[in-house]
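The block underneath contains the structure these notes are about, expressed in structure tokens.
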Amino acid sequence: MIQHPAAATRASAPAVVFDWLDEAAELRARAGLTRTLRDRPAQDPVLDLASNDYLGLTHHPEVTRAAAEAALRWGAGATGSRLVTGTTELHTELEVELADFYGVEAALVFSSGYAANLAALTALTDPDTLIVSDAYNHASLIDGCRLSRADVHRAPHADPGAAAAALAGRHQPRALLISDTVFSVDGNAAPLTGLADAARAHGAALLLDDAHGLGVLGTGGRGALTAAGLAGEPDVVATATLSKSLGSQGGVVLGPRRVIRHLVETARTFIFDTGLAPAAVGAALAALRLLRAEPARAERAREVARTLAARLTAAGLRASEPDAAVVSVRAPGPEQAVAWAAACRAAGLAVGCFRPPSVPDGYSRLRVTARADLAEEQIDFAVRTLSVTAPLD
């Protein structure tokens, strides 16, 4: 048997098989797109406006105590898929209370919001489905589209008319219109009423990711679907995360009971994934009960966002008008955005930094999170720090 010379060369050089990764890293570095992990102490002295802890519940003593008690009672982990090892009473309790709070028939908890979106998109579509997806949707929705085997149409951002046109021209027997309710980088809300009208006019189901709406929008923080009058509708499914307003970890799909039953039986990220850890379940349940008891937290988060936006704009910065709890501040370019975020951290303020290709247009920006637990002096500090460290255009 004669071996081709190129094959022999490939077989004899195991040390070089990942050399292409170094070349890719160099290209990212030249483009200013290097990402690095940063160690974080348990008690970080900086003011954190980079996280998604909208209601300030991550460190709330009732939430952390509930997490510890759940771990002591149920163990450190779920030990396997809930279909294999059984679902704990705690998981069921959380799902029942989430469904009741959100105003839907049923809920199903996943190990992350990412997994919840993959589940909904892959289980509720097939090759005979058209998905119409907003151009600015979160990466988890985009990846769900890629895994779904459906035909996918990328619609212009926040444009119900364009979505309706795509649905009107379809040849597939089924269709699904999907969108974030609040877009995570700029903080603007989707036109949910217009999207619902477009979906219903053309026989499509509506799937809405309410990760940044739950706990902030709607009566008492019941979410963007409640605010739009869509919660509990038979043709609407919502997804959300437990890691933002509820200060824990995990994701959830909320909607009609038959949809949830279908996910239990078919969603791969539920069937083949280890269940959410009991500590996270206990923390989310405690946070949900706190929100029920203190509904003003939702309005406070929105108030802080409006205050931050108004004062940053008055300081001469280009801040977005927030629809929920996210304020976006424009930077001249990607390098300036990275340097600005670093200067803020050095001064004691943590903010998010987004630049292409993480964002779908040519604008780099800092992302500032409003939190319900921020004191006035902390708001003053954030505005002052962002202003004095701002790069020149």
Query raised in the report: For Thr219, does its backbone N or O pair with a side-chain atom of Arg222 as donor and acceptor, under 3.5 Å?
Result: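 Checking the backbone N and O of Thr219 against the side chain of Arg222, a donor-acceptor pair under 3.5 Å is found.
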Query raised in the report: Okay, side chain of His91, backbone of Leu276: is any donor-acceptor separation there less than 3.5 Å?
Result: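 At least one qualifying donor-acceptor pair exists.
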Query - Step-by-step salt bridge (Lys or Arg N to Asp or Glu O under 4.0 Å) determination, Glu26 to Arg30 - result: CA-CA 6 Å; Glu26 176 61 26; Arg30 291 176 188 171; 3.1 Å; yes
Answer whether the closest heavy-atom distance between the side chains of [X] and [Y] falls below 4.5 Å.
{"X": "Arg302", "Y": "Val216", "result": "yes"}
{"X": "Val185", "Y": "Arg365", "result": "yes"}
{"X": "Glu97", "Y": "Leu285", "result": "yes"}
{"X": "Arg38", "Y": "Arg345", "result": "yes"}
{"X": "Asp44", "Y": "Pro41", "result": "yes"}
{"X": "Val237", "Y": "Val104", "result": "no"}
{"X": "Phe270", "Y": "Leu83", "result": "yes"}
{"X": "Val252", "Y": "Leu108", "result": "no"}

Report task. Before giving the answer on salt bridge (Lys or Arg N to Asp or Glu O under 4.0 Å), spell out for Glu62 and Arg289 the whole-Å C-alpha distance, their side-chain angles and the decisive distance to 0.1 Å. Result -> CA-CA 10 Å; Glu62 292 185 32; Arg289 290 170 178 171; over 6 Å; no
Report task. Apply salt bridge (Lys or Arg N to Asp or Glu O under 4.0 Å) to Glu23 and Arg28, showing your working. Result -> CA-CA 9 Å; Glu23 297 168 5; Arg28 289 194 300 272; over 6 Å; no
**Report entry** Residues Arg300 and Glu294 bridged, charged N to O under 4.0 Å
**Finding:**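 Salt bridge: no.
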Query raised in the report: Should the pair Arg367 and Phe354 be classed as cation-pi, given the thresholds of under 6.0 Å to the six-membered ring centre and 45° from the axis?
Result: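 Relative to the ring axis of Phe354, which defines the angle, Arg367 lies outside at least one limit.
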Query raised in the report: Crowded around Glu95 CD? As in, over 12 foreign heavy atoms under 6.0 Å?
Result: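 It does: Glu95 CD has more than 12 such atoms within range.
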Query - Enclosure of His59 NE2 (heavy-atom neighbours >12, cutoff 6.0 Å) - result: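 No - once you tally the heavy atoms of other residues, nucleotides and ligands closer than 6.0 Å, there are 12 at most.
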Query - CA sep, side-chain torsions, deciding dist, call: Thr87, Arg82, side chain to side chain donor-acceptor pair (under 3.5 Å) - result: CA-CA 5 Å; Thr87 189; Arg82 290 168 59 190; 2.8 Å; yes
Requested in this report: Decide side-chain contact (heavy atoms from CB on, under 4.5 Å) for Thr88 and Val281; before the verdict, give the C-alpha distance in whole Å, the side-chain angles of both, and the deciding distance to 0.1 Å.
Outcome: CA-CA 10 Å; Thr88 71; Val281 178; 5.6 Å; no
Query - side chain to side chain contact (heavy atoms under 4.5 Å, CB included) partner of Leu121, chosen from Thr239, Leu207, Asp143, Leu147 - result: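 Passing option: Leu207.
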**Report entry** Stepwise side chain to side chain donor-acceptor pair (under 3.5 Å) test for Asn117 and Asp209
**Finding:** CA-CA 8 Å; Asn117 274 340; Asp209 181 349; 2.9 Å; yes
**Report entry** Transitive ILVMFWY side-chain link Phe110 to Val259, under 4.5 Å
**Finding:**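 Yes: a chain of side-chain contacts under 4.5 Å links Phe110 to Val259.
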Requested in this report: State the CG-CG distance between Asp210 and Asp180, to the nearest 0.5 angstrom.
Outcome: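 So the gap between those two atoms works out to 9.5 Å.
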Requested in this report: Apply side chain to side chain donor-acceptor pair (under 3.5 Å) to Asp186 and Ser320, showing your working.
Outcome: CA-CA 7 Å; Asp186 286 330; Ser320 64; 5.6 Å; no
Query raised in the report: Distance only, no hydrogens: is a donor on one side chain within 3.5 Å (strictly under) of an acceptor on the other, for Thr269 and Asp273?
Result: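 Thr269 vs Asp273: no donor-acceptor pair found between side chains.
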Query raised in the report: Would you say the side-chain atoms of Asp134 and His157 include a donor-acceptor pair closer than 3.5 Å?
Result: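 Their side chains do contain a donor-acceptor pair, which is all the 3.5 Å distance test asks for.
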Report task. Walk me through it: do His212 and Phe183 pass the test ring pair (Phe, Tyr, Trp, His ring centres under 6.0 Å)? Result -> CA-CA 7 Å; His212 299 273; Phe183 293 90; 9.5 Å; no
